[in-house]
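Before any comments, here is the structure.
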Amino acid sequence: MTAPAAASSFKRQLVGRTVIELSRRGKYLRFELDNGSTLVIHLRMTGRLTAADHPIRKDLKKYLRLLLCFEDETCIAFNDARRFGKTFILKASEAEEYWEKMGPEPLDRSFNAARLKKILGKRNRPIKSFLLDQHMVAGIGNIYADEALYRARIHPTCPAYELSDDEIERLVGSIKTTLRSAIAHKGSSIDTYRDSEGKRGKFQDTFSVHRREGEPCPACGHIIEKIKAGGRGTYFCPACQKCD
DNA sequence: CGTTAGCCCTGCTGGC
DNA sequence: TGCCAGCAGGGCTAAC
């Protein structure tokens, strides 16, 4: 379950098991086990998974939260300085209910304008806040919401239900291209994010608006502004991004 | 039901 | 130079 299990109970549920499949749903990483249960890891902002040999390197002992070691003596270290990341085990009987309450995967074929329009419905909340809600669409974080809205030329505080068909079409496209580009650049290492080999991503070098307050918009030169939307720092170009 | 504020957590940044 | 308040944010819960 989502409640943090005691370490001993956690260990008992994992020791001797075999990982039979790796997958992802939204921002959750899933390690499916041979007894039908699933080890789930969410990195949040500062969590890091690193491939390591046993015994693990000294630097990986700092902020170590979970260490998975396999029969061939390879390990996966989960480190998280801020302890915001989460690990939990889902029983087979709990899994379906847990995942189905999340919104669609934005990179799925089935995520198209018609689908998004249906979810937007009559919801009266800022589109930025909507995009961050994992029950609406899964997997979009603060960086990608800002960048996708910029590419779609939509103002972050625009009410969700007010988006025109053309804006919805643009937003679906911009979400997909933003996420695909971020993946191609191996993620965003603004802060502590590193891949499983400790390498930095490069997507942050391509940001158009995120964390660029006071800098010129790459398209029109207007100064990028920062506001608070959906409780998060939100960056946008006031000239390019409007509500139709 | 839909929406939002507040909370968790701690390393880092900016201001003095 | 050193200190420290406040920022950063994903997801859950409480509250409206």
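In what follows, every chain begins at residue 1, and chains take the letters A, B, ... in the order their sequences are listed.
The closest side-chain donor-acceptor pair between Ser188(A) and Tyr144(A) falls under 3.5 angstrom. In summary, the side chains of Thr87(A) and Arg65(A) do not present any donor paired with an acceptor at a separation below 3.5 Å, with no hydrogens or angles considered. Side-chain contact of Asn35(A) with Ser37(A): a donor-acceptor pair under 3.5 Å is present, judged by distance alone.
On a pure distance criterion of 3.5 Å, no polar donor-acceptor pair joins the side chain of Arg211(A) and the base of dG9(C). If you check distances only, the side chain of Arg82(A) does reach the base of dA8(C) with a donor-acceptor pair under 3.5 Å.
Computed from coordinates, the Leu43(A) CG to dT10(B) P distance equals 17 Å when rounded to whole Å. The interatomic distance linking Met45(A) (CE) with dC8(B) (P) rounds to 14 Å, in whole Å. In this structure, Asp80(A) places its CG atom 13 Å from P of dC12(B), rounding to the nearest Å. As a whole-Å value, the separation of Lys86(A) NZ from dG9(C) C1' is 12 Å. dG10(C) atom P lies 18 Å from atom NZ of Lys101(A), rounded to whole Å. In this structure, Ile190(A) places its CD1 atom 15 Å from P of dC12(B), rounding to the nearest Å. Across the protein-nucleic acid pair, Asp133(A) atom CG and dG11(C) atom C1' stand 10 Å apart, rounded to whole Å. Rounded to an integer number of Å, the gap from CZ of Arg123(A) to P of dC1(B) is 11 Å.
Counting only heavy atoms from C-beta on, Ser129(A) has its side chain closest to dT4(B) among dG9(C), dT4(B), dA8(C).
Across all strands shown, Tyr161(A) has no heavy atoms under 4.0 Å from either base or sugar-phosphate atoms. If you check every strand for non-hydrogen atoms under 4.0 Å, Pro159(A) touches nothing. Residue Arg83(A) is classed as a sugar-phosphate contact, given heavy-atom separations below 4.0 Å to backbone atoms only. Within 4.0 Å of Asn124(A), counting heavy atoms only, lie sugar-phosphate atoms of the nucleic acid but no base atom. Using a 4.0 Å heavy-atom distance criterion, Gly233(A) is classed as a sugar-phosphate-only contact.
An OP1 or OP2 oxygen of dG11(C) is reached within less than 4.0 angstrom by a side-chain nitrogen or oxygen of Lys27(A). For Lys128(A), no side-chain nitrogen or oxygen approaches OP1 or OP2 of dT4(B) to under 4.0 Å. The side chain of His42(A) places an N or O atom within less than 4.0 Å of a non-bridging phosphate oxygen (OP1 or OP2) of dG11(C). A close approach under 4.0 Å does not occur between any side-chain nitrogen or oxygen of Tyr193(A) and OP1 or OP2 of dA8(C). Considering only side-chain N and O atoms, Tyr63(A) lies under 4.0 angstrom from the phosphate OP1 or OP2 of dG11(B).
Under the 4.5 Å side-chain heavy-atom criterion for grouping Ile, Leu, Val, Met, Phe, Trp and Tyr, Tyr63(A) is not connected to Phe84(A) through any hydrophobic cluster.
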Show your working on salt bridge (Lys or Arg N to Asp or Glu O under 4.0 Å) between Asp80(A) and Arg44(A) and close with a plain yes or no.
-> CA-CA 9 Å; Asp80(A) 185 14; Arg44(A) 299 276 182 107; over 6 Å; no
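For the pair Lys128(A) and Phe130(A), the cation-pi criterion (under 6.0 Å, within 45° of the ring axis) is not fulfilled.
Along DNA chain B, the nucleotide nearest to Arg232(A) and the one nearest to Met136(A) differ in position, and the one closer to the 5' end is contacted by Met136(A).
Residue-nucleotide stacking is not present for Phe84(A) and dC8(B), judged by a side-chain ring centre under 5.5 Å from the six-membered base ring centre and planes under 30° apart.
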